[in-house]
Amino acid sequence: MNAISSIRLFVDDQPVDVPAGASVAAAIATLGISFRRSVSGQWRAPLCGMGVCFECRVRIDGIAQQRACMCPVHDGMRVSTHE
Amino acid sequence: MNEYYDVLVVGAGPAGLAAAQAATSHGARVGLIDAQATAGGQVWRHDVRHAAPSLARRSIGGALTHSRVDWLARTQVVAVETGSLFVEDPRRGSRLDYGALVLATGARELLLPFPGWTLPGVTGAGGLQALAKQGWPLAGRRVLIAGSGPLLLAAAATAKRHGATVLGIYEQAGADAVRRFAGSLWRWPAKAIQAALLRGQLAGVPYRCGSVVRRALGDSTLRTVELEGPHGIEQVPCDQLAIGYGLLPNVELAQLLGCELRWEGAHPQVSTDIWQQTNIDTVYAAGEVCGIGGRDSARVEGAIAGHAAAGARSAAMALQPRRRHARAFAEALRTRFALDARVYALATPDTLICRCEDVALSDMDGYTDTRSAKLATRCGMGACQGRICGAALAELGRFSGGGQRPPLFPARLSTLGDTDFFPLATIEE
Ligand SMILES: Cc1cc2nc3c(=O)[nH]c(=O)nc-3n(C[C@H](O)[C@H](O)[C@H](O)COP(=O)(O)OP(=O)(O)OC[C@H]3O[C@@H](n4cnc5c(N)ncnc54)[C@H](O)[C@@H]3O)c2cc1C
Ligand code: FES
């Protein structure tokens with residue numbers, strides 16, 4: 001294991017600490033929050049983990065439709081799900 | 001921003017890194033872009049909790065710290081023109097002009113539909129590996145790995161290293177095929193070492209051949225996986241199902257540039273000559289985008305492309321025997337892990353095929369080409385632009401994807417609106 005520093009961000013206003021370099025997807029999963037609903041209302045969560053499927057879309061620092069798996073966390077980041 | 005590079009490389013995996021390094025060795029000024037935040041591609045993806053293997057550290061460090069390499073992370077191609085790429089990163093859009101372009105865009109997983117595959121808790125096999133390396137919590141979680149190919153072993157090892165309880169690896173190929181594949185590995189010592197290492201890390205994890213996941217069950221999240229193996233059907237409770245049926249090349253950018261493709265089974269790959277040069281003189285391609293061959297062929301093809309793109313064909317020539325040897329591995333992979341007929345019959349009429357627009361398999365009945373199916377059902381018109389459903393439908397033998405139109409991925413409106421930056425011609429239908 002490396003010595004890893006941790007980052008605090010907020011998902012749906014809940015604080016969460018994750019290792020530096022982690023993705024927003026990891027932070028959301030750490031809190032056990034669901035990601036999004038599909039056009040017909042089904043729950044969805046990350047599928048590909050590499051930016052292809054767009055199942056992990058959330059709002060990040062005010063910008064909608066961001067892929068959580070492609071976005072590294074930073075201190076004080078604000079994420080909201082279910083949009 | 002507007003920059004010129006002698007050699008511009010798209011993709012910082014093993015192929016792109018090798019290309020960048022080879023090109024700089026002849027004095028070329030190199031731009032290296034990747035959509036990801038860190039270099040390494042798929043196999044050397046940055047792991048937030050564990051140190052990278054030494055080959056990865058050397059390859060990444062060697063390319064990124066070179067004074068003639070500009071490393072542009074989180075940078076995505078949004079459009080192309082002859083001799084230039086239009087890219088954006090989280091801050092701005094730019095135009096990058098090039099003397100030669102090397103496409104090292106790698107591969108993604110082949111994800112095939114089956115009942116329950118849209119449930120949260122179901123990911124790709126390499127998909128779960130990627131998520132875990134980015135900090136996805138797996139400690140104490142029960143993970144079942146399934147699908148096909150050697151990537152399942154790598155995904156299982158990563159999951160285990162991140163604290164998961166790996167319930168088993170369920171390979172669809174039969175035991176005979178897998179045994180023959182393993183028996184042929186001595187021809188590729190690096191692969192044999194990799195395989196032995198993985199076996200060591202996976203001591204105690206069951207590896208079952210001839211097994212197919214029939215369904216994923218759960219209400220709003222995965223609870224149970226139903227498997228069909230040589231000894232019948234069983235249901236296994238678990239928290240994550242990581243399932244992938246192999247890899248397919250990311251050819252969208254090559255296609256947009258007009259590179260010639262050839263089909264390997266149902267999926268296109270970029271066609272090149274022995275210099276990794278495509279039908280377009282200034283455009284080279286290397287690694288998985290030219291056909292699935294794994295890390296070693298990606299490295300040697302990347303180096304050939306980098307040398308050739310910098311005008312040094314003799315250096316590229318010296319690598320030809322290694323290239324042929326590494327590529328032969330691809331052939332072994334393909335024949336041994338051919339998909340079983342059962343896999344193609346898993347989706348039922350109400351299984352969703354297009355996850356972006358929630359289009360079921362039966363909605364597609366009666367359409368014979370992509371265009372009419374798309375217009376009528378919206379299949380493939382969602383955010384992923386048909387990357388998941390298009391590949392799945394092609395593999396299932398339904399119509400395959402048509403030509404790609406820019407932008408490659410949804411570009412930010414601010415970038416599109418900036419017409420000085422963005423050639424208007426490229427945003428037309
Ligand atoms: C999810 C996954 C996990 C894998 N895990 C392993 C493993 O553990 N072990 C193993 O031996 N093999 C693994 N592989 C196989 C892998 O394909 C090869 O080992 C190797 O990484 C291929 O090297 P490459 O350079 O050709 O492509 P890649 O390593 O895939 O690199 C391609 C890079 O290009 C970038 N890219 C693609 N398109 C664009 C674009 N338009 N704009 C900007 N950037 C772009 C991608 O972000 C990526 O970083 C995995 C493959 C996948 C898909
Ligand atoms: S999980 Fe597929 S795009 Fe993020």
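Naming convention: chains lettered A, B, ... in sequence-line order (proteins, then strands); numbering from 1 in each chain.
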So, the part of B/C389 with a heavy atom under 4.5 Å from chain A: the answer is neither
Check your understanding: Can any side-chain N or O of B/Q134 pair as donor or acceptor with the backbone N or O of A/G49 at less than 3.5 Å?
Key -> yes
Nearest heavy-atom contact between A/A29 and B/P137 is CB-CD, 3.7 Å
Nearest heavy-atom approach of A/A22 to B/V48 is N-CG1, 3.5 Å
Heavy-atom closest pair (B/G135 atom, A/T30 atom, distance to 0.1 Å) is O-OG1, 4.4 Å
Taken to the nearest 0.5 Å, the spacing of B/T123 OG1 from A/E55 CD works out to 12.0 Å
(request) Could you tell me whether the side chain of B/R108 and the main chain of A/C48 form a donor-acceptor pair under 3.5 Å? (result) no
Could you check if a side-chain atom of A/Q42 sits within less than 4.5 angstrom of a side-chain atom of B/L352, using non-hydrogen atoms only? yes
Between the CE atom in A/M50 and the CG atom in B/L131, the distance rounded to the nearest 0.5 Å is 11.0 Å
Under 4.5 Å to a heavy atom of chain A? For B/Q42 that would be side chain
Bottom line for A/A20: the part with an atom under 4.5 Å from chain B's heavy atoms is backbone
When every non-hydrogen atom of A/L47 is compared with those of B/V122, the smallest separation belongs to CD1-O, 3.8 Å
When the 4.5 angstrom heavy-atom criterion is applied to B/L128 and chain A, the contacting part is neither
Heaviest contributor of heavy-atom pairs below 4.5 Å to chain A, chosen from B/E109, B/R45, B/Q36, B/E357, is B/Q36
What one should report as the nearest heavy-atom pair of B/C384 and A/F54 is CA-CD1, 3.8 Å
Correct closest heavy-atom pair for B/A35 and A/M70 would be O-CE, 3.5 Å
The interface call for A/C71 against chain B, heavy-atom contacts under 4.5 Å, is both
Pair count under 4.5 Å, heavy atoms only, with chain B: among A/G21, A/A45, A/P46, highest is A/P46
